[in-house]
Visitor: 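So that we are looking at the same thing, I have put the structure below in structure tokens.
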Amino acid sequence: MAMLPGWNSLEAVGSIGHSLHMTAMVVLALLVVAEGLALVYDDRKYALVGAAERETIVSRDQEGLAVVERHHNEIAALQRDLEEAQRQQASLRLTTIGQQALLDAVSPFPGQQIEIVSMLGDPDGQQFANDFASVAQQAGWNATSTNEVALATNPSGIEVLYREPPVGEVPPPALAALVDVLVDLRILPARSVTICEEVASEVIRLVVGTRSATAELHSSLSPKEPPEARNSAMVPDTAAEQ
């Protein structure tokens with residue numbers, strides 16, 4: 001011990017002892033502060049870890065919701081496609097209400113001649129043609145038979161064909177009435193008719209295809225005006241162009 005500084009001096013021992021006490025207190029204070037800061041930083045670390053975990057969970061939840069929404073939209077699109085396909089299939093069939101509506105619309109024009117043509121090997125189209133012929137006959141139209149023929153092209157949906165009348169003449173009102181009721185029944189997509197020079201004069205030809213027609217296949221008809229058309233027609237064994 002005698003080797004320690006100021007060991008044999010009363011003043012030195014007192015001064016050194018006091019200094020060491022002060023140093024110990026400072027060191028202890030620093031230890032307390034350091035421990036407190038350590039606890040604060042530990043709490044902050046756990047808070048940041050929790051925030052990162054919550055952000056990850058939120059991100060995963062958002063991704064899951066996006067996947068669910070995408071699947072929902074895909075299912076809705078498939079449902080719409082299914083309904084459209086069912087509607088298109090039903091468009092080639094005449095319900096009891098449809099038959100009555102058709103009968104009411106064409107009955108005021110007895111004696112009108114009509115040719116009804118369906119595709120060979122298409123039983124649904126042939127059934128529609130038979131139903132339509134039955135209604136036309138009840139209305140007094142001249143539709144004694146339906147023809148099932150092989151067509152050079154595959155017509156889409158229902159085609160109403162008519163020969164362009166001579167200059168100064170207009171189509172019969174029966175044609176406009178027929179087109180209007182077919183549009184109302186959603187059998188035709190638009191109030192339209194196709195000009196076809198292969199059709200006999202003053203005869204309406206109805207061609208039953210395999211799918212619902214689109215508006216691009218027909219020329220438009222203005223409301224309350226006689227049918228007019230400017231595009232070519234699909235006819236049996238011929239695709240005539242005007």
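Note that this is a predicted model, so its numbers are computed, not measured.
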Visitor: Can you list the steps and then say if Leu48 with Arg44 is a side-chain contact (heavy atoms from CB on, under 4.5 Å)?
Guide: CA-CA 6 Å; Leu48 292 176; Arg44 180 57 179 167; 3.4 Å; yes
Visitor: Measure the spacing between CZ of Arg80 and CG of Asn73 and express it to the nearest 0.5 Å.
Guide: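 That separation rounds to 8.0 Å.
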Visitor: Sequence neighbours left out, what pairs pass side-chain hydrogen bond (donor to acceptor under 3.5 Å, both in side chains) with at least one residue falling in residues 48-62?
Guide: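 Non-adjacent pairs meeting side-chain hydrogen bond (donor to acceptor under 3.5 Å, both in side chains): zero.
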Visitor: Measuring from atom CG of Leu175 to atom CG of Asp180, what distance do you get when rounded to the nearest 0.5 angstrom?
Guide: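 One finds 9.5 Å between CG of Leu175 and CG of Asp180.
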Visitor: Check step by step if side-chain contact (heavy atoms from CB on, under 4.5 Å) holds for Asn130 and Gln126.
Guide: CA-CA 6 Å; Asn130 291 334; Gln126 184 64 24; 3.3 Å; yes
Visitor: Please step through side-chain contact (heavy atoms from CB on, under 4.5 Å) for the pair Tyr162 and Val179, ending with a clear verdict.
Guide: CA-CA 11 Å; Tyr162 193 78; Val179 171; over 6 Å; no
Visitor: side-chain contact (heavy atoms from CB on, under 4.5 Å), that's the test. Do Arg205 and Val207 meet it? Break it down for me.
Guide: CA-CA 6 Å; Arg205 177 180 291 173; Val207 179; 4.0 Å; yes
Visitor: Atom OG1 of Thr23 and atom CE of Met25: how far apart are they, to the nearest 0.5 Å?
Guide: 10.5 Å
Visitor: For the backbone of Ala190 and the side chain of Ser192, can you confirm whether one donor and one acceptor N or O come within less than 3.5 Å of each other?
Guide: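 A pair under 3.5 Å: yes.
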Visitor: To the nearest 0.5 angstrom, please state how far the CD atom of Glu198 sits from the CG atom of Leu161.
Guide: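 One finds 10.0 Å between CD of Glu198 and CG of Leu161.
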Visitor: List the atom pairs, with distances to 0.1 Å, where a side-chain N or O of residues 97-109 and a protein N or O form a donor-acceptor pair under 3.5 Å, not counting sequence neighbours.
Guide:
unit_1 : atom_1 : unit_2 : atom_2 : d
Gln99  : NE2    : Leu94  : O      : 3.4
Gln100 : NE2    : Asp104 : OD1    : 2.9
Ser107 : OG     : Leu103 : O      : 2.5

Visitor: Can you confirm whether His18 is buried at NE2, in the sense that more than 12 heavy atoms of other residues, nucleotides or ligands lie under 6.0 Å from that atom?
Guide: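 No, because the 6.0 Å sphere around NE2 of His18 holds 12 heavy atoms or fewer from other groups.
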Visitor: Can you name the residues that form a side chain to side chain contact (heavy atoms under 4.5 Å, CB included) with Arg70, not counting sequence neighbours?
Guide: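 Val67, Glu74.
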Visitor: What residues, two or more places apart in sequence or in another chain, satisfy side chain to side chain contact (heavy atoms under 4.5 Å, CB included) together with Gln112?
Guide: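 Side chain to side chain contact (heavy atoms under 4.5 Å, CB included) check on Gln112 returns Trp141, Pro172, Ala174, Ile204.
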Visitor: Distance from Thr194 atom OG1 to Glu159 atom CD, nearest 0.5 Å?
Guide: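 The OG1 atom of Thr194 sits 4.5 Å away from the CD atom of Glu159.
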Visitor: Which pair of non-hydrogen atoms, one from Ile116 and one from Ala129, has the smallest distance, and what is that distance?
Guide: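 Shortest heavy-atom separation between Ile116 and Ala129 comes out as CG2-CB, 3.5 Å.
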Visitor: Provide the closest heavy-atom pair for Ile114 versus Ala136 in the form atom of the first, atom of the second, distance.
Guide: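 That would be CG2-CB, 4.5 Å.
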Visitor: For the backbone of Ser201 and the side chain of Arg163, can you confirm whether one donor and one acceptor N or O come within less than 3.5 Å of each other?
Guide: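 Not confirmed, Arg163 side chain does not pair with Ser201 backbone.
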Visitor: Any chance you could pull the hydrophobic cluster mates of Val26, using side-chain heavy atoms under 4.5 angstrom and chaining through other members?
Guide: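 Result for Val26 is Leu30.
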Visitor: With side chains defined as the heavy atoms from C-beta onward, is the minimum distance between Phe132 and Ile187 less than 4.5 Å?
Guide: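 Not in contact.
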Visitor: Under the 4.5 Å side-chain heavy-atom rule for ILVMFWY, direct or indirect, which residues accompany Val27?
Guide: Leu31
Visitor: Please name all residues satisfying side chain to side chain donor-acceptor pair (under 3.5 Å) with Ser15, sequence neighbours left out, ordered by chain then number.
Guide: none
Visitor: The criterion is side chain to side chain contact (heavy atoms under 4.5 Å, CB included); which residues satisfy it with Val203, sequence neighbours excluded?
Guide: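 Only Gln113, Glu115, Val199, Ala200 meet the side chain to side chain contact (heavy atoms under 4.5 Å, CB included) criterion with Val203.
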Visitor: So do Val117 and Leu206 actually touch side chain to side chain, heavy atoms under 4.5 Å?
Guide: no
